[in-house]
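Reading through the structure tokens given below for one structure.
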Amino acid sequence: MYDGPVGDAVRAAFAECERLVCFLATGAVVRLVAPLLDDKRTDPGVVCVDEGGRFAVSLVGGHGGGANELARAVGEVLGAEPVVTTATDAVGLAGLDTLGMPVEGDVAGVSRALLDGEPVALRAEVAWPLPPLPVAAEGAYGIRVTDRAVEPAAGEVVLRPPSLVVGVGASRGAPVDEVLGLVEAALREAGLSAASVAELATVDAKAGEPGIVGAAGRLGVPLVTHPADELAGVEVPNPSDAPLAAVGTPSVAEAAALVRGGELLVPKRKSAAVPAMATCAVVRRPGRGRLAVVGLGPGARDLVTPRARAELRRASVLVGLDQYVDQIRDLLRPGTRVLESGLGAEEERARTAVEEARLGHAVALIGSGDAGVYAMASPALAEASDDIDVVGVPGVTAALAAGAVLGAPLGHDHVSISLSDLHTPWEVIERRVRAAAEADLVVTFYNPRSRGRDWQLPKALAILAEHREPTTPVGVVRNASRADESSRLCTLAALDPATVDMMTVVTVGNTATREIAGRMVTPRGYRWQTRETAPPAERPGSSPTAEVSAEPDVPDASAEPDVPAAPDVSAARDVSATPEETL
């Protein structure tokens with residue numbers, strides 16, 4: 001916060017801050033900051049908010065100053081509409097100067113060509129995951145992804161991926177200039193760009209060596225260290241007895257560069273000083289592909305989470321069931337490659353997504369609900385190995401969406417069971433249904449009934465009826481959260497399986513579930529079920545050890561506080577007390 005005359009305040013903030021939010025008219029801010037503007041690569045981003053808090057306007061430094069993202073963030077905080085007029089942002093195109101890597105060349109010209117639909121060729125000399133871009137095999141304009149020291153051609157942008165790791169070893173007291181000069185000479189003579197150096201790497205024993213620390217600082221990259229025993233296990237072409245005796249590994253520079261894999265571009269070399277006090281080696285690490293397994297929720301657009309939307313816009317390749325792709329096609333950036341297939345091709349989609357990630361792409365594999373619940377996460381992770389990065393993006397499951405429609409049927413312990421025997425033998429499914437019935441769990445049935453599988457649901461309901469009263473509430477929800485959503489409450493005895501299909505979720509209550517004011521409710525605690533009630537044998541499905549629940553409602557069982565033992569309530573208790581009051 002800046003006080004005093006507004007002109008002085010803006011000038012001071014412009015000089016001192018990376019980004020500014022000005023609660024002023026845009027015209028006033030334009031006049032105040034215009035004399036201060038120098039270079040869009042270094043000027044702070046400026047966002048204006050009107051007096052009524054209706055709009056957050058990205059005024060200056062949309063990309064380089066971060067004003068576009070700031071306008072969106074301010075808009076979320078204030079409930080204001082972010083106003084972003086940068087051309088690429090306006091049409092959903094990833095800005096070439098926002099990809100998180102150094103960029104050189106004709107950024108404006110190539111961006112304009114992308115916006116105008118002119119062919120822009122992508123020449124990736126280094127495989128590196130990029131966001132979607134509408135590129136072609138050939139074109140008058142080009143985007144070149146390389147870590148080599150090349151100058152951009154006319155109409156070309158060069159992206160420098162952080163693909164190079166420089167391993168460094170140094171004697172005690174090695175000067176910064178010697179270490180830095182060695183690294184720069186090694187890169188220059190190998191035709192490599194210092195802008196693509198991701199890190200300097202060395203052995204733990206050299207973590208505080210001033211010459212190495214100073215060289216990393218002047219290059220603007222982190223210094224990463226590794227234990228000597230880990231480096232000793234790395235196979236290198238030029239081991240030596242000297243570092244083995246000094247720090248416990250036969251190689252520092254080569255081993256530190258190669259410890260995470262890659263291609264050795266510059267074998268170990270010494271500095272030109274006499275005596276030489278530093279060594280280095282350079283390795284090119286391949287870009288790791290990224291697989292995001294994204295849950296799209298039950299169908300309603302407003303139940304697609306912000307994180308899911310962000311992953312869809314980040315992915316250059318989208319893999320999914322054709323009908324799910326149609327639901328979110330408008331959320332994709334221009335240039336996203338879509339690989340869609342029909343029902344029954346789940347394993348093929350999982351393999352495709354993993355293969356695309358292994359090629360170095362940023363991939364989103366989509367599924368409905370939560371991708372980890374009867375969806376694509378399981379087959380995808382069964383295919384994936386540790387050569388790609390995998391990210392799970394949770395979504396609202398069908399059970400949760402249906403539960404919200406019905407009321408609160410999942411208020412206590414519950415289980416989800418799929419009745420499809422296409423992937424699981426019916427004997428296994430039946431055993432699980434019986435176990436849930438005996439344990440008095442609320443049961444949500446997925447895939448309850450199809451035209452080819454019409455007997456499984458009646459069989460499952462019959463098993464539950466052996467342990468629950470005919471009046472047990474049952475909730476039936478079809479197309480939860482969608483425009484044609486429908487729901488109804490009935491009883492276990494009254495449910496007609498013929499009215500259920502594959503778009504339906506069936507939730508069967510336990511012995512405590514009640515219908516209250518037209519809603520299905522399973523209480524958080526069994527307040528009316530004390531030891532003075534009917535014995536377990538007279539209450540179908542009850543456990544002989546069932547007692548009053550006095551647990552507080554906590555968000556995570558792993559974070560439950562320690563509480564003193566509850567008093568004996570077998571004799572008497574105030575059943576109107578909440579669990580918290582009992583504690």
Side-chain angles (χ1 to χ4, degrees), residues 293-299 319-325 327 340-351 353 365-383 394-403 405-406 409-410 414-439 441-465 474-482 485-487 492 495-509:
V293 188
V294 180
L296 298 178
V319 182
L321 180 68
D322 46 14
Q323 56 187 286
Y324 297 154
V325 172
Q327 292 176 20
E340 53 190 310
S341 52
L343 286 167
E346 288 79 13
E347 293 181 356
E348 177 188 342
R349 283 195 291 276
R351 283 193 296 270
L365 175 63
I366 60 173
S368 67
D370 182 284
V373 180
Y374 303 120
M376 294 304 302
S378 179
L381 268 61
E383 291 283 339
V396 178
T397 69
L400 297 180
V405 172
L406 295 170
L410 309 182
H414 54 274
V415 63
S416 296
I417 299 176
S418 171
L419 294 183
S420 172
D421 55 2
L422 296 178
H423 300 286
T424 306
W426 174 253
E427 294 76 14
V428 174
I429 297 173
E430 182 175 341
R431 187 165 67 247
R432 292 171 180 170
V433 174
R434 195 171 300 279
E438 293 173 352
L441 297 173
V442 175
V443 181
T444 299
F445 287 124
Y446 280 70
N447 305 313
R449 183 178 181 273
S450 68
R451 283 176 293 184
R453 295 184 300 98
D454 58 1
W455 58 268
Q456 287 90 341
L457 179 59
K459 176 64 175 175
L461 296 174
I463 294 172
L464 292 177
V474 175
V476 180
V477 181
R478 189 176 191 279
N479 285 332
S481 87
R482 299 174 186 245
E485 170 190 289
S486 63
S487 65
L492 184 57
L495 176 61
D496 180 4
T499 63
V500 173
D501 61 13
M502 286 290 285
M503 304 303 293
T504 305
V505 173
V506 177
T507 303
V508 182

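A salt bridge between E348 and R351 is absent, with no side-chain N of the basic residue lying under 4.0 Å from a carboxylate O of the acidic one.
Atom OH of Y374 and atom OG of S416 lie 5.5 Å apart (nearest 0.5 Å). Between the CD atom of E430 and the CH2 atom of W426 there is a distance of 6.0 Å, given to the nearest 0.5 Å. Atoms CZ and CG, from R453 and D421 in turn, are 6.0 Å apart once rounded to the nearest 0.5 Å. Here CD of E438 is found 9.5 Å from CD1 of I463. Values are rounded to the nearest 0.5 Å. A distance of 8.0 Å separates CD of E383 from CD of E347, quoted to the nearest 0.5 Å. Here CG of L457 is found 11.5 Å from CG of N447. Values are rounded to the nearest 0.5 Å.
Scanning all heavy atoms of the two residues, the minimum distance from Y324 to S368 falls at OH-OG, 3.1 Å. T507 approaches P409 most closely through the heavy-atom pair CG2-CB, 3.9 Å. Considering every non-hydrogen atom in both A401 and V396, the closest pair reads N-CG1, 4.2 Å. Looking at every heavy atom in both residues, M376 comes nearest to E346 through CE-O, 3.1 Å. In terms of heavy-atom proximity, A350 sits nearest to L365 at CA-CD2, 4.4 Å. I429 and S420 make their closest contact through CD1-O, 3.4 Å (heavy atoms, listed as atom of the first residue, atom of the second, distance).
Taking the side chain as every heavy atom from C-beta outward, P497 and L461 approach each other to under 4.5 Å. Side-chain contact check for H414 versus T444: every heavy-atom pair is 4.5 Å or farther apart. Residues V500 and V506 are in side-chain contact: their nearest non-hydrogen atoms beyond the backbone lie under 4.5 Å apart. Between F445 and V474, every side-chain heavy-atom pair lies at or beyond the 4.5 Å cut-off. Using a 4.5 Å heavy-atom cutoff, the side chains of L492 and V508 are in contact.
R349 places no side-chain N or O within donor-acceptor distance of the main-chain N or O of A380, the cut-off being under 3.5 Å. A side-chain donor-acceptor contact under 3.5 Å links D370 to the backbone of G395.
The neighbour count for Q323 CD, taken as heavy atoms of other residues, nucleotides or ligands under 6.0 Å away, is above 12.
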(request) Go through the steps for R434 and R431 under the test side chain to side chain contact (heavy atoms under 4.5 Å, CB included), then give the verdict. (result) CA-CA 5 Å; R434 195 171 300 279; R431 187 165 67 247; 5.8 Å; no
(request) Could you please spell out the steps behind the side chain to side chain contact (heavy atoms under 4.5 Å, CB included) verdict for T499 and V476? (result) CA-CA 9 Å; T499 63; V476 180; 5.5 Å; no
